[in-house]
**Q** 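Let me begin by handing over the structure; questions about it come next.
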Amino acid sequence: MNRKYYGKVIFELSRHGRRGYSLPKNGCDGGLDGIPEQLMRSSDPVLPEVDEPTVVRHYNNMSTNNFGVDTGFYPLGSCTMKYNPKINEEISSLPAFTSLHPFQPSATVQGALEAYYMLQSKLSEIGGMAEFTLNPYAGAHGELTGLMVIRAYHESRGDMARTKVIVPDSAHGTNPASAAVAGLKVVEVKSLPDGTVDIDALRPLLDETVAAVMMTNPNTVGIFEHSIPEIAEMVHACGALMYYDGANLNPMLGVARPGDMGFDVMHINLHKTFSTPHGGGGPGSGPVGVRDGLQQFLPNPRVVKRNVSGDSTFELDFGTEKGPHALGRISAWLGNFAVELRALAYILSLGRDGLKMAGALATLNANYVKESLRDLYELPIDRVCKHEFVFDGLADKSSGVTTLNIAKRLLDHGFHAPTIYFPLLFHESLMIEPTETESKETLDDFIAVMRDIAREAVESPETVKNAPLETPVRKPDDTAAALNPIVTFTELQNTAMA
Amino acid sequence: MLDCCGMHSLEELYSDVPDSLKLKRDYDIEPQMSEKEVRDFFEELALRNQPLTCFAGAGFYDHYAPSVVQSIISRSEFLTAYTPYQPEISQGTLQYIFEYQTMMSQLTGLEVSNASMYDGTTAVAEAMMMAVANARKKNRVLASATLNPIYREVVDTYAHYHGIVVDTIPETDGVTDLEAMAEMLGSGDVAGVILPTPNYYGILEDYTGVADTVHAAKALLIMTAPASALGVIRTPGEWGADIAAGEAQSLGMPLNFGGPYLGYMCCKKSLIRKLPGRIVGATTDADGQRVFVLTLQAREQHIRRDKATSNICSNQGLMALYASVYLSLMGAAGLREVNEISASGAHYLARRLEETGAFELKYPNRPFLNEFVVKFKGEVKLADFMDVCTACGCLPGVMLSENELLVCVTEMRTKAEIDRYVWRAETFSKATVPSFNNPKNIND
Amino acid sequence: MSKTYYSPSHEYITVDGNIGYIGISDYAQKALGNVVYVDMPEQGDDIEAGEDFGAVESVKAASDLIAPVSGAVLDINEQLIDNPRLINEDPMANWIIKVEISDPSQLSELMDEEAYKAHCEAEQH
């Protein structure tokens with residue numbers, strides 16, 4: 001891309017009077033005339049005035065400055081950047097789904113309700129749960145909803161003292177943030193050197209003030225928490241519930257189910273395990289599942305199936321008399337419906353055998369990369385991993401090359417960087433998740449580049465430290481951005497960057 | 001590959017999973033389907049949906065999107081990227097978010113915007129939490145009775161668990177009772193006030209002087225409006241609001257049976273550190289060229305953990321791109337036309353419905369844009385009238401009670417569709433329905 | 001005659017009579033890197049020993065400010081609003097809040113300069 005011509009923001013391409021739209025006329029007029037002046041804005045918003053070809057070139061050229069799964073290998077740990085099949089996009093754009101208004105009578109949206117019901121049933125089977133709600137919009141929203149379900153459960157029993165949620169110190173920052181939004185206090189429990197939860201540290205924390213223990217399994221270092229049955233028993237014995245963060249569900253497909261591990265409530269990220277595109281940050285989807293006995297605490301509306309004289313019909317259930325302990329509503333309607341359609345298409349495409357194979361291959365790919373690089377990168381936890389693993393920077397740190405340098409150098413080689421500086425258990429965390437959709441050839445290319453970078457770190461460390469060198473832009477000045485935030489073009493115009 | 005791992009089978013990769021936890025059977029899920037079978041399956045499912053000519057709004061609006069929008073949001077470099085953690089290879093995403101922030105700031109009349117939220121309901125709930133976090137020692141919020149009840153339900157859920165008390169400001173004749181509001185603020189313990197424009201009934205309320213009253217009580221004013229309407233109506237910024245939060249689906253996004261949509265959130269610059277979610281800022285790179293980065297990240301959940309104002313991790317990325325492309329094409333003139341055409345159609349329909357004698361406006365003296373409430377005066381039940389319309393392929397609105405209907409017109413509705421609606425009102429509101437020779441003319 | 005005490009979470013308090021000036025230590029500002037924002041309480045707020053009263057943010061990290069003693073906030077360092085990097089330049093001169101100490105006995109729980117030095121060295125290993 002030629003930045004000289006295409007490096008502008010859309011406002012800089014604006015020319016007075018240009019337009020890029022055509023609208024139908026309905027033959028009626030004067031609609032705004034009767035509205036009192038003080039209820040109308042005093043001047044038009046400053047929006048671009050551009051023609052259609054300019055808009056198309058502008059955004060298409062911008063897209064070439066972006067890196068997606070369709071561009072190349074994206075081993076971003078904990079984000080499960082697997083390939084997103086194109087058929088799913090087509091399914092989600094069928095007009096008979098996209099044009100449906102939420103307030104249409106149930107009889108006119110039976111196909112949509114059935115799709116929702118089918119997906120929630122299949123997720124229940126996969127999670128080992130009784131019922132799922134698809135209403136939460138994202139993983140973090142699912143966590144929040146799940147924790148609200150747990151609070152609603154305790155409240156329904158008059159058990160009001162349970163105000164704490166225990167999370168491992170390896171947990172993602174979202175877990176404690178979700179807990180805080182749900183009105184719960186966070187208590188961290190230490191991990192053992194192998195990255196698993198320290199049961200002896202957990203035991204004394206469990207009492208009648210604990211609402212839930214929140215875990216991922218495999219955990220954030222990619223290790224299966226083999227003591228999970230014992231943990232679940234301890235947690236249940238103290239009257240608390242087990243929450244499963246489904247961020248790492250992918251490797252467990254077909255192998256073991258959170259419900260069978262003793263979890264009571266869980267969420268799944270459809271944009272991770274079930275291959276819906278990440279969209280540059282969203283829309284995602286974070287369905288929440290509950291074990292039998294907790295369905296009444298799921299948010300409204302729910303989709304229910306009724307059998308009327310042999311035929312199945314689907315209806316929305318808003319909870320007839322909103323009980324004192326029902327959760328209420330956590331989103332406008334039934335969640336990101338078009339995302340749900342993609343996930344259902346993915347599950348049907350893979351089927352029961354394909355899903356199982358996906359989990360196993362994700363695990364194989366991760367172990368293959370780990371074993372191929374362990375001589376050059378520090379492997380703090382030397383065990384069979386699941387879908388991802390963590391290096392603690394280079395094995396030889398004498399050159400001063402850091403995880404950040406390695407990540408940036410990978411960009412020069414056409415790969416996305418792994419997740420860096422997370423989990424917080426290690427100083428130089430480099431978290432790699434290849435996913436199952438990468439071929440051996442791609443993995444070998446990545447391994448070769450990682451080995452080259454390790455060698456380069458010794459031979460010419462300055463090159464690695466100055467990376468990236470070949471990306472569309474170089475390292476940005478983050479400090480200047482944070483000291484004096486310029487977040488709109490209006491503000492930008494008054495700076496030297498205009 | 002197994003050799004490299006020192007293993008002989010895939011099962012060995014799971015040797016650390018206790019046998020008692022392993023699933024000893026296949027999932028109870030169908031076997032694999034080919035691509036064609038998947039397509040056939042969904043096409044068959046789609047046949048069981050009946051798209052309707054939409055005169056319903058209530059927070060979900062049927063507007064037109066130029067073809068360019070779909071074409072651009074389908075670009076895989078946008079679609080299959082994740083959050084722009086690596087700015088050197090994410091300038092596409094970062095730049096459209098920067099453009100989006102500028103556009104939302106222009107629409108709301110407030111200085112700064114975040115990178116977007118999930119939807120309008122959660123954006124308003126987050127605005128409530130932001131007001132409470134800002135006030136620090138207060139946990140009470142007021143919401144007008146004229147706020148969309150779906151928004152209120154979501155706000156109530158968040159409030160309940162976050163320990164916030166939400167009280168309702170009563171309405172009189174379809175608008176917020178501002179005297180009652182002033183009185184409620186007198187207690188001094190209110191952190192924020194939530195007001196809609198247009199309100200749930202489509203009415204443009206006059207909030208003159210409200211911001212002063214709210215600020216005098218040391219509370220923040222939060223306003224919510226459908227983004228499209230902000231192209232013409234007095235903005236939250238002009239009313240003196242501190243935070244604007246709401247739904248941007250009306251910027252041509254498909255109804256999609258409820259999602260994905262796009263929540264927006266803007267505020268005064270002085271509150272930027274309390275604004276939840278991602279924010280993109282401009283800076284320079286090592287070569288001195290202008291670039292965009294995620295900024296003010298230290299306030300977010302991945303760093304602040306349980307101290308963050310919100311748990312939101314990401315944003316509604318692709319839908320923010322949708323809004324940017326839509327607004328680039330439409331510009332201020334296009335957005336004005338959308339509102340002009342919609343409002344003209346709505347006022348025409350309202351007048352004609354009254355003329356039929358089957359309906360009357362519930363709030364005849366209140367100004368509205370493109371949505372209004374009518375009372376049904378027909379001889380049959382309103383529910384029966386709704387059923388007949390549905391059978392004709394039309395969704396006549398959203399029932400607010402057994403004889404009240406919330407009706408919406410956008411630029412998508414043709415004169416012929418509006419006239420057929422009027423004709424149905426004239427005809428099917430009567431107890432005896434005449435017979436027709438040519439029934440296909442009555443269907444949408 | 002003023003004396004400076006340190007807390008294990010790297011705040012200092014320079015005490016003059018019943019007035020204290022609280023900031024972060026040189027060790028803390030180095031660990032944090034370029035400071036871009038200081039979240040401060042308001043004049044008149046009460047702070048409580050062991051509880052956080054604000055935060056110091058760098059680009060990609062944030063550190064809670066933990067009150068070394070209880071007291072009332074008499075003043076905040078308004079210079080830090082526009083120029084937070086003063087903390088990097090001279091953390092001891094650029095205190096964050098000025099407080100009236102409500103319980104001077106709490107000072108005995110804190111470290112003097114020598115003990116704090118040892119504390120930092122231990123933390124580095």
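Remember, it's a predicted structure, so these values are computed and weren't measured experimentally. Chain identifiers are assigned alphabetically (A, B, ...) following the order of the sequence lines, protein sequences preceding nucleic acid strands; residue numbering begins at 1 within each chain.
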**Q** Does the distance from a Lys or Arg side-chain N to an Asp or Glu carboxylate O, for B:Asp285 and A:Lys475, drop under 4.0 Å?
**A** no
**Q** With rounding to the nearest 0.5 Å, note down the distance linking CE in A:Met40 to CG in B:Leu369.
**A** 6.5 Å
**Q** Answer with side chain, backbone, both or neither: which region of A:Leu350 has an atom nearer than 4.5 Å to a non-hydrogen atom of chain B?
**A**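 Contact with chain B involves the backbone of A:Leu350 alone.
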**Q** So which residue, A:Gly183, A:Ser178, A:Ala256, ends up with the most heavy-atom pairs under 4.5 Å with chain B?
**A** A:Ser178
**Q** How long is the gap from CD on B:Gln32 to CG on A:Leu355, to the nearest 0.5 Å?
**A** 9.0 Å
**Q** For A:Phe11, is it the side chain, the backbone, both or neither that has a heavy atom under 4.5 Å from a heavy atom of chain B?
**A**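 For A:Phe11, the contact with chain B is made by the side chain alone.
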**Q** Which distance, rounded to the nearest 0.5 Å, do you find between the OH of B:Tyr261 and the OG of A:Ser331?
**A**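 So the gap between those two atoms works out to 11.0 Å.
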**Q** Mark yes or no for whether A:Asn65, through its side chain, and B:Gly92, through its backbone, hold a donor-acceptor pair below 3.5 Å.
**A** no
**Q** Counting heavy-atom pairs under 4.5 Å with chain A, which one of B:Phe78, B:Tyr96, B:Phe41, B:Tyr348 comes out on top?
**A**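 With the most close heavy-atom pairs to chain A, the winner is B:Phe78.
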**Q** Can you tell me how far SG of B:Cys5 sits from CG of A:Asn367, rounded to the nearest 0.5 angstrom?
**A**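 Between A:Asn367 CG and B:Cys5 SG, I get 5.0 Å after rounding to 0.5 Å.
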**Q** Between B:Met386, B:Met330, B:Glu411, which shows the greatest number of heavy-atom pairs under 4.5 Å with chain A?
**A** B:Met330
**Q** Nearest 0.5 Å, what's the CE-CG distance between A:Met261 and B:Leu21?
**A** 6.5 Å
**Q** Considering the options A:Val487, A:Val9, A:Val473, which one meets the side-chain contact (heavy atoms from CB on, under 4.5 Å) requirement together with B:Phe292?
**A** A:Val9
**Q** Quick check on A:Leu364 against chain B: is it the side chain, the backbone, both or neither that has a heavy atom closer than 4.5 Å?
**A**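 Both backbone and side chain.
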**Q** Heavy-atom distances under 4.5 Å only: say whether A:Ser93 touches chain B with side chain, backbone, both or neither.
**A** neither
**Q** Check this for me, if you would: do A:Lys25 and B:Glu337 make a salt bridge, where the nitrogen-to-carboxylate-oxygen distance has to be below 4.0 angstrom?
**A**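 Salt bridge flag = yes for B:Glu337 with A:Lys25.
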**Q** Could I get the full list of side-chain contact (heavy atoms from CB on, under 4.5 Å) partners for A:Ser99, not counting sequence neighbours?
**A** B:Pro51
**Q** Counting only non-hydrogen atoms closer than 4.5 Å, does A:Met81 touch chain B with its backbone (N, CA, C, O), its side chain (CB onward), both, or neither?
**A**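 A:Met81 touches chain B through side-chain heavy atoms alone.
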**Q** With sequence neighbours left out, write down each residue that passes salt bridge (Lys or Arg N to Asp or Glu O under 4.0 Å) with A:Lys408, or none if nothing qualifies.
**A** B:Glu88
**Q** Do A:Thr64 and B:Glu77 pair up side chain to side chain, a donor and an acceptor below 3.5 Å, judged on atom types alone?
**A**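 On atom types as modelled, these side chains do not qualify, holding no pair under 3.5 Å.
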**Q** Heavy-atom cut-off 4.5 Å, strictly under: side chain, backbone, both or neither for A:Ala179 against chain B?
**A**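 Looking at A:Ala179, nothing touches chain B.
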**Q** Going by distance alone, is a donor N or O of one side chain under 3.5 Å from an acceptor N or O of the other, for A:Gln38 and B:Asp206?
**A** yes
**Q** Are the side chains of A:Thr108 and B:Thr390 in contact, using a 4.5 Å heavy-atom criterion?
**A** yes
**Q** If you count heavy-atom pairs under 4.5 Å with chain A, which of B:Arg278, B:Arg336, B:Glu238, B:His347 comes out on top?
**A**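 When all of B:Arg278, B:Arg336, B:Glu238, B:His347 are compared, B:Glu238 has the most.
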**Q** Quick one: sort the B:Tyr118 and A:His141 rings into parallel, tilted or perpendicular, breaks at 30° and 60°.
**A** tilted
**Q** Using a strict threshold of under 4.0 Å (side-chain N to carboxylate O), is an ion pair present between A:Lys386 and B:Asp16?
**A**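 Here B:Asp16 pairs with A:Lys386 in a salt bridge, since their nearest N and O are under 4.0 Å apart.
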**Q** Taking atom CD1 of A:Ile228 and atom OG of B:Ser20, what is their separation to the nearest 0.5 Å?
**A**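 Interatomic distance, A:Ile228 CD1 to B:Ser20 OG, rounded to 0.5 Å: 11.5 Å.
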**Q** Distance-only, no hydrogens or angles: does the A:Arg41 side chain make a donor-acceptor pair with backbone N or O of B:Leu107 under 3.5 Å?
**A**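 Confirmed, A:Arg41 side chain pairs with B:Leu107 backbone.
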